[in-house]
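Taking it in order: structure first as structure tokens, then the write-up.
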Amino acid sequence: MSFLPFEMNCQIFIRNFFYCIQRQLRNCNDIISATSAHSKVFKSGFLSDTFTSNHLINCYVRLQKINDARKLFDEMPAPNVVSWTSLMAGYVDAGQPQMALTLFREMYRSSVVPNDFTFATMINACSILADLQVGKTVHAHVEIFGFRSNLVVCSSLVDMYGKCNDVDEARRVFDLMSCRNVVSWTSMITAYAQNAQGHHALQIFREFSGLMLDRPNHFMLASVINACASLGRLVSGKVAHGTVIRRSHDSNDVVASALVDMYAKCGSVSYSEKVFRRIPNPSVISYTSMIVGAAKYGLGNTSLDLFEEMIDRRIKPNDITFVGILHACSHSGLVDEGLEHLKSMHVKHGIMPDAKHYTCVVDMLGRTGRLEEAYQLAKSIQVESDEGALLWGTLLSASRLHGRVDIAVEASKRLIESNQQVSGAYVTLSNAYALAGQWENVHSLRSEMKRTGVYKEPGCSWVEIKDSSYVFYAGDVVSCPQGNKLVGLLRELEERMKERGYVGGSIGLVFVDVEEEAKEEIVGLHSERLALAFGLINIPKGVTIRVMKNLRMCRDCHEAFKLISDIVERDFMVRDVNRFHHFEKGSCTCRDFW
DNA sequence: ATAGGGTTAG
């Protein structure tokens, strides 16, 4: 029988104990085993060992116990770069990215040197905060510390610049990267998609696909679908959907939610529904996408049914869900239901309504002509300037629609005060004056605009036919060879809609351009009407036409809309033109897709 | 050895 020397025995014991603790720390998935591991480490005296403590910190971070992680960190005699970075990442996960920045500064003052992991975490914090200034500072440090060619650091930089709305800088970093992977390509695609440059997003995706280095995964496809949605490109969206199915990502609920949203925005809400119904466990986002999708089509009751369904399935709605619900009620003329839901938000669901919800309600009341109530409500809401622009802009449109010049004037004043969307305010106010026959005011407003140099970009819309998009601008009809024919046709349509009780709004003929003489002529046509006429005139049989522009429907409008559908015998759907200001004249005819 | 990057709804 041989005996090992005592010291060697001790070493083996310590090493075994060490592994045992490590295994326990790696596997602890609940707070009880974490605490027990913690006390074991404490008793053994290993708490002063940085490596063991780091394990414990990560354990608390995984369990979302950031305060416990912090306490442990503060007691460490010698935290190293991993300890610092772990804690920073913990704060980012816990929704306190600001604290991560603070820690970085503290770390900087101590003698511990940051590494690539630290920078990736820091950049992520800046990205969440959308803090471009700090982001640039961190970028400078990345250069100084020599991580400019690190894949992960650069991918997070691309993402950070994208989230801070500096797409050009994102692209610069991306172009300088010496090697890229799916994540870096996805970051670049997302940067474009989230900054209203969907066509660039698709271009990057085509480039990635052409390289055939790697397959697109569900992250990338979700972003690509998002880009198709923002462009209203159904054909590209369907191709992306095909890729999703081929790559077996159709069971991913994030991808599915993106598809639901894309189909709704591209004019095919029935596809949205099909995709939605295949999601095994829809999240609050999946439900909200479908609720919003239905709302856009004036299917208010469908939205409300979906809401009931999600409540029954114990899925908690959030503030955005309620924006969707209030939108649905607003666009379907379900005022009482809308007001009920507004009340229930706080009482039943513990969500405080804020400016965006009240804006929906102002819209809802305004559409149905309850302008006095809408006005009183608008005045009572505390808003930031950008929220104010939306709020007063909403009221302005409603007062124009119902010919309440007094409220229109007040709303425009507030809108102009908010210093945003000023040109839109002038145009709408001018339309309100014109509607009331107050031509002198129209003229003086126009000279005011000339004097202050306000310029209104023309609204545009487009139809997608086969794989091409055709864009129309407000005012285009004048130059169109069939212009007169169109105008006649549209007048006739409007008459027939009025007979059915249509009261005005997007479908009706409105003045678009105050630069033109404000006489009772059509100086411009909103494009959905133009495209509608387009559909009547020269689209070959068997081609599906989809018109993109927001159709804000009250119940009456919905009726009218059905009537138009009967007349033109085609399916088309419409989306919000204001979200697509990135369309430039002549740049939107795209025949190619990947 | 322990720590890091990309996705969906208004």
Side-chain angles (χ1 to χ4, degrees), chain A residues 18-19 22 25-26 49-59 61-62 69 79-90 92-93 100 114-125 127 147 150-160 162-163 180-191 193-194 216-227 229 249 252-262 264-265 272 275-276 279 282-293 295-296 317-327 354-357 359-360 390 576 579:
Chain A
F18 210 71
Y19 286 147
Q22 267 181 45
L25 287 169
R26 253 197 298 272
D49 175 65
T50 303
F51 180 68
T52 309
S53 284
N54 286 348
H55 262 303
L56 204 45
I57 286 180
N58 284 310
C59 201
V61 164
R62 268 203 311 277
N80 65 5
V81 61
V82 178
S83 332
W84 283 95
T85 307
S86 303
L87 192 63
M88 280 161 52
V92 173
D93 280 349
N115 65 10
D116 46 343
F117 284 76
T118 320
F119 282 114
T121 307
M122 280 306 297
I123 296 162
N124 192 15
S127 164
F147 295 113
N150 183 284
L151 178 66
V152 177
V153 171
C154 287
S155 301
S156 50
L157 278 173
V158 171
D159 173 65
M160 182 273 291
K163 299 272 161 45
R180 306 182 186 99
N181 65 5
V182 195
V183 180
S184 6
W185 285 91
T186 303
S187 300
M188 197 59 239
I189 291 170
T190 308
Q194 293 179 342
N217 61 16
H218 61 285
F219 287 95
M220 184 178 271
L221 289 168
S223 241
V224 169
I225 293 161
N226 194 17
H249 294 305
N252 180 288
D253 80 311
V254 173
V255 173
S257 303
L259 285 168
V260 167
D261 177 60
M262 182 275 292
K265 285 178 176 164
S272 296
V275 174
F276 177 74
I279 304 175
S283 65
V284 58
I285 296 181
S286 319
Y287 264 104
T288 305
S289 306
M290 194 61 239
I291 286 170
V292 171
K296 279 188 206 300
N318 60 24
D319 54 335
I320 303 166
T321 314
F322 278 102
V323 171
I325 286 297
L326 294 171
H327 239 82
D354 60 30
K356 57 184 183 284
H357 300 108
T359 301
C360 290
L390 196 61
D576 189 350
R579 285 193 58 192

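Proteins get letters first, then strands, A, B, ... in listed order; numbering begins at 1 in each.
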Let's see if you can work this out: which of [options] has an atom nearest to the side-chain heavy atoms of [X]?
| X | options | value |
| --- | --- | --- |
| A:Val323 | B:dA3, B:dT8, B:dG10 | B:dG10 |
| A:Asp159 | B:dG6, B:dT2, B:dG4 | B:dG6 |
| A:His218 | B:dA9, B:dG5, B:dT7 | B:dT7 |
| A:His55 | B:dT2, B:dA9, B:dA3 | B:dT2 |
| A:Asn217 | B:dA9, B:dA3, B:dG6 | B:dG6 |
| A:Phe51 | B:dA9, B:dG5, B:dA1 | B:dA1 |
| A:Lys265 | B:dA3, B:dA9, B:dT7 | B:dA9 |
| A:Phe117 | B:dG5, B:dG4, B:dT2 | B:dG4 |
| A:Ser86 | B:dG6, B:dT8, B:dA3 | B:dA3 |
| A:Ile320 | B:dT7, B:dA9, B:dG4 | B:dA9 |

Residue among A:Val323, A:Asp354, A:Leu390, A:Leu326 satisfying side chain to side chain contact (heavy atoms under 4.5 Å, CB included) with A:Thr359: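 Passing option: A:Leu390.
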Given A:Thr186, A:Leu151, A:Val152, the one that forms side chain to side chain contact (heavy atoms under 4.5 Å, CB included) with A:Asn181: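 Single pass found, and it is A:Leu151.
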In whole Å, I'd like the distance from the [atom1] atom of [X] to the [atom2] atom of [N].
| X | N | atom1 | atom2 | value |
| --- | --- | --- | --- | --- |
| A:Phe219 | B:dG6 | CZ | P | 8 Å |
| A:His249 | B:dG6 | NE2 | C1' | 13 Å |
| A:Trp84 | B:dG4 | CH2 | C1' | 18 Å |
| A:Asp319 | B:dG10 | CG | P | 12 Å |
| A:Leu259 | B:dT7 | CG | P | 17 Å |
| A:Tyr287 | B:dG10 | OH | P | 18 Å |
| A:Asp93 | B:dG4 | CG | P | 8 Å |
| A:Asn58 | B:dA3 | CG | P | 5 Å |

Please tell me if [X] has a side-chain N or O lying less than 4.0 Å from either OP1 or OP2 of [N].
| X | N | answer |
| --- | --- | --- |
| A:Asn54 | B:dA3 | no |
| A:Gln194 | B:dG6 | no |
| A:Lys163 | B:dT7 | yes |
| A:Asn124 | B:dG4 | no |

Modelled atom types, side-chain donor and acceptor of A:Ser156 and A:Asn124, under 3.5 Å: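 No, because no side-chain N or O of A:Ser156 sits under 3.5 Å from a partner of the opposite role on A:Asn124.
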Heavy atoms only, 4.0 Å cut-off, all strands: where does [X] land among base, sugar-phosphate and nothing?
| X | result |
| --- | --- |
| A:Val153 | base |
| A:Ile189 | nothing |
| A:Val182 | base |
| A:Val82 | base |
| A:Ser289 | sugar-phosphate |

Answer with yes or no whether [X] presents, from its side chain, a donor or acceptor under 3.5 Å of a partner atom in the base of [N].
| X | N | answer |
| --- | --- | --- |
| A:Asn115 | B:dG4 | no |
| A:Ser156 | B:dG5 | no |
| A:Asn318 | B:dA9 | yes |
| A:Asn150 | B:dG5 | no |

Whether A:His357 and A:Phe322 hold their rings parallel, tilted or perpendicular, with breakpoints at 30° and 60°: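 A:His357 and A:Phe322: perpendicular rings.
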Aromatic plane relationship, A:Tyr287 with A:Phe276 - under 30° parallel, 30 to 60° tilted, over 60° perpendicular: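 Perpendicular, since the angle between the ring planes exceeds 60°.
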Ring pair (Phe, Tyr, Trp, His ring centres under 6.0 Å) partners for A:Trp185, two or more places apart: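 With neighbours one apart ignored, the set is A:Phe174, A:Phe208.
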Non-hydrogen atoms of A:Val61 and A:Asp93 that approach each other most closely: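 Closest heavy-atom pair between A:Val61 and A:Asp93: CG1-OD2, 4.4 Å.
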